[in-house]
Amino acid sequence: MTAPLIKLNHIERSYPLGKQQFTYVLRDINLEIEEGDFVSVMGPSGAGKSTLLHLLGMHDFGWTGEFFLDETPVHRLKPKERTTLRNEQVGFVFQNYNLLDDLTVYENLDIPLSYRRYSKSERTALVADTLDRFSIVGKKDLYPRQLSGGQQQLVSIARAVIAKPKLILADEPTGNLHSGQAEEIMQLFKKLNTEGTTIIQVTHSETNAAHGNRVIQLRDGWIIK
Amino acid sequence: METLLQDIRFGGRMLLKNKGFTLVAIATLALGIGASTAIFSVVDAVLLRPLPYANPERIVSFDAINPSAGITDGNLSAPDFFDWQKRCDALEHSALFVSGGAILAPEKSEPVRVPRAVVTSDFFPALGVQPVLGRTFRAEEAKAGAEPVALLGNNLWRRFFNSDPSVIGQRTSVSGRMVTVLGVMPAGFAYPNGDTEVWTSLQVNPAKEARDNRSFEAIGRLKPGASLTQAQTQLSAINAQLAQQFHETNKGWDVHLYRLQDRLVREVRPSLLALLGAVFFLLLIACANVANLLLARAAARRREIALRAALGASRARVWRQLLTESLLLALVGGGLGLLLSIWLADLLAGLGLTDLPQLASGLDQRAVLISLALSLFTGLLFGAAPAWQASRLDLNKTLNEGGRSGGDGVSSRRSRDLLLVAEVALSLVLLLGAALLIKSFQHLRDVRPGFNSAGVLTMSVSLPYAKYPEDAQRTQFFSQLVDRVRTVPGVQAAAAVLSLPLNGSNYSVGRAFVPEGRPQTAEAEGNANYFVATPGYFQTVQIPLLAGRDISPNDNAKSPMVIVINQTMAKRYFGSPAQSLGKHLTVWRDEKFAREIVGVVGDTKDTTLDAPIEPQMFVPYAQNATWGAMSLAVRAAIEPTALTAAVREQVLALDKGEPVYRVQTMEEVLHKSTATRRAAMLLLSAFAGAALLLAGVGIYGVMAYSVSQRTREIGIRMALGAQTGDVLRLIVRQGMLVAGAGAAVGLLASLFLSRAIGTLLYDVRAGDPATYAEILFLLIAVAFTACYWPARRAAKLNPVVALSEQ
């Protein structure tokens, strides 16, 4: 039996409120996610969904407990090692796309590769492949403000997968899109998942969650299902 | 009106709310406006304000020149002057004068030495000045044998004559002669020395004066309608004729006519103009800084401004609101700047940048007006850009953004970058100027003056010819005085000399000489600075004796005539110091006999440290006691100023009517000789330091603002894999690109502008590559530091927090 892609043991995340007082955002999280899963994290506002996602994306280091990613003990890694691991394994998709305003579509796709020290020729080839794969070749010289919301999210997903991560984390990826566009994005996630990428998305939408194979419900920082 | 008051109130509240921003902006403006006002006041007083005489543009000053002998600002001879006066019809009035000192002994007062000018009768009409009491001189009072007459300075009249109008017609003692007071001059009039207090009539007979006795100065007044060039052409033509007629004395000599104002400020003009340029740059840097701060703040207030517009504020109203705030800032900064400039003006007066009397006036109404105008100008200048940008906001977009995301537009960023480029460029120019001056000054300080200034006290004593008419009397006085001073406890050595090194006596004499074996003609003569000294002078100021012997007490009027020369003269005219000994020379225009060279001493700097060494001749005072005014040099075993009273007592013990004056240590003489350079260097360095600080603060401010605006972007980049180094590089590169562009512009500008301070430099080229490299390194280092801190902060951003800045 192979080890899970993600394993969380007794993870807790709190913020100080005052002297000796804390507010807990995640409580005793124990979770395993297998490679190839398409997981939807659901729950009301303030339940800790985004916090969990950023924890998994190694953007946040202020938690306690054990976190294994592909058998690597993240909790024992130094910040720089965590960044390296994140760059190798994780792609991120945001609700509001978070494309860089002053860069073209092409340059936005190139950015993650440049941070992963790919060579110039490798980057050119990968960006060209990705533009083709997502059918956005015609838009490569446009700036984000010249695209519709759906197109921007498409670029954002393309950017998340360009470095071939094992895991895609998506924070309400269709939150700013109308239903037609949302359905297209979910189909795209489904396709990526079918091709082997593990996907964890935070969503409020039952319809979106239905595209996945597993739902995790959070409430007040606890996993309730 | 009510809305304007509302704007002012709101503006004040906004400034108080952002205390950090307000403090930095006001301090920056106060520095820029204060420094500009102070320097401009000096420039205005010295260079721009016309002389306080009637039609000052028509007053001219004469300088004798002899290009082949390297003389560019020599004195004139009386016979030449009277020839010009007779034959040049472009001049309405012209006057000859000699400036020096006199001992005034009014009744019931101790004798006191006062600065005096001895002038011909046209002196006052040439200047266009009338006395407040009595009258000026008449032509007949300038004739030899006429009754001696004097005019009193206003201040002296108040001090010694209790402002008594009946002083007119009274007789008083001036340098041992009784003179009749003819008039009192207006307050503030002190030409030619800036502190002259007595004017006596110059009685000169041109027929009896030698044409090569060039010891007079002259001024003139152009006829109405006559130009300076006209007068110059006429004088040069007359001089050409005189050179033919009096070949031996006049060959090669001409005169250079200046407007009097230009002549007075000739030495100080380059320093002042350089400083004016520097403060103008500093003001621009301050403006750029504040404009950048305001642009950043306007960007941060986009939502507030959009909201105002949505609520009905017109574009003009938005302009007015923002300009009111910037003007408020500028006026407060200008007010503080004015206070700063008052302090700076005092500092400038104390620095010895110029000893021109105009400076004594300090700050005046014009300076206050300048300060106010600068404040309004800067307020409008740095307030306009943010107001313009704010008034062009896209309301829908800005309000929908919630005023938080997206940052400001490309044009706003570009404006800030351009301002930063200008700021860095201006700073580089200032820094280079200051660095070149500092290097010059260091080189100048390394120049050996040729004597040991440490531990030497100097003072002047002037024996009136009326009281000491004979050479023997003067010789005896100074011989006894030096002997007495040597007995004072704490004195190691003492001597008297005609003029101290580095213009310490404010008097110098040049003489023509002919070495033995050459014909006594103008073609064969050489020129040297001429000194008379008592025995022990070289030992006292520690000028080394290189060959032969010192002037000895046995060298007197009856012994063989001897002379000591300096190394430069020995090498130039006799081969070497050793070869000079035993040779003879004749100071042929003044003496009919030859002197034997008995000693050769080391070279000393006569006028300034940067002037080349000239040939020097030293004659025993006992063999030429023509001069009654001598400087006493006293080498002390203790603090030299502690001997002042004791030495003064020795002078009074010999003659209680002889005041000593110009009491100073040789260290002070040395210090004074570099005072203008030091002052210019210190000021320019201070301005350059301020510029560097402002540029550093400016870069830091813009980068810090940029980081705050790019928080979201940095968060995204980090989420996409950027590491600390990537973020550091991103931010530092952005700042260094702007700093680099500024440095490039500054370097280009410096290549042209540094020539403007070429005349202030000594032993360093205006384009000195080492200085350029050092300053470039310094500026880049400061820019890097200013970029690094915001970059470090950016690199430490928590991506989760950064991404939540939506």
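A, B, ... follow the sequence lines: proteins, then strands. Residue 1 opens every chain. Computed from heavy atoms alone, side chains included, the values below leave out hydrogens, waters and symmetry copies.
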What is the minimum heavy-atom distance between B:A794 and B:V707, and which atoms define it? CB-CG1, 3.8 Å

Name the region of A:F94, side chain, backbone, both or neither, that has any atom closer than 4.5 Å to a heavy atom of chain B. side chain

Part of A:R145 within contact of chain B (heavy atom distance under 4.5 Å): neither

So, the part of A:L53 with a heavy atom under 4.5 Å from chain B: the answer is neither

Can you find a side-chain donor-acceptor pair between A:D28 and A:H10 that sits under 3.5 Å? yes

Run through A:N30, A:L52, A:L26 and flag the one making a side chain to side chain contact (heavy atoms under 4.5 Å, CB included) with A:L8. A:L52

A:F92 vs A:H54 aromatic rings, parallel, tilted or perpendicular, using cut-offs 30° and 60°? parallel

On the 0 to 90° scale, with breaks at 30° and 60°, tag the B:Y788-B:F784 ring pair as parallel, tilted or perpendicular. parallel

Verify side-chain hydrogen bond (donor to acceptor under 3.5 Å, both in side chains) between A:S40 and A:N208, making sure each step is shown before the conclusion. CA-CA 8 Å; A:S40 299; A:N208 287 352; over 6 Å; no

Ranking B:R717, B:E713, B:M718 by heavy-atom pairs under 4.5 Å to chain A gives rank one to B:R717

Are A:Y106 and A:T124 close enough that some pair of their side-chain heavy atoms sits under 4.5 Å apart? yes

Under 4.5 Å, heavy atom to heavy atom: which of residues 723-738 of chain B reach chain A? Give them by number, or say none. B:Q723, B:D726, B:R729

Which value, rounded to the nearest 0.5 Å, describes the distance between A:L56 atom CG and A:I6 atom CD1? 5.0 Å

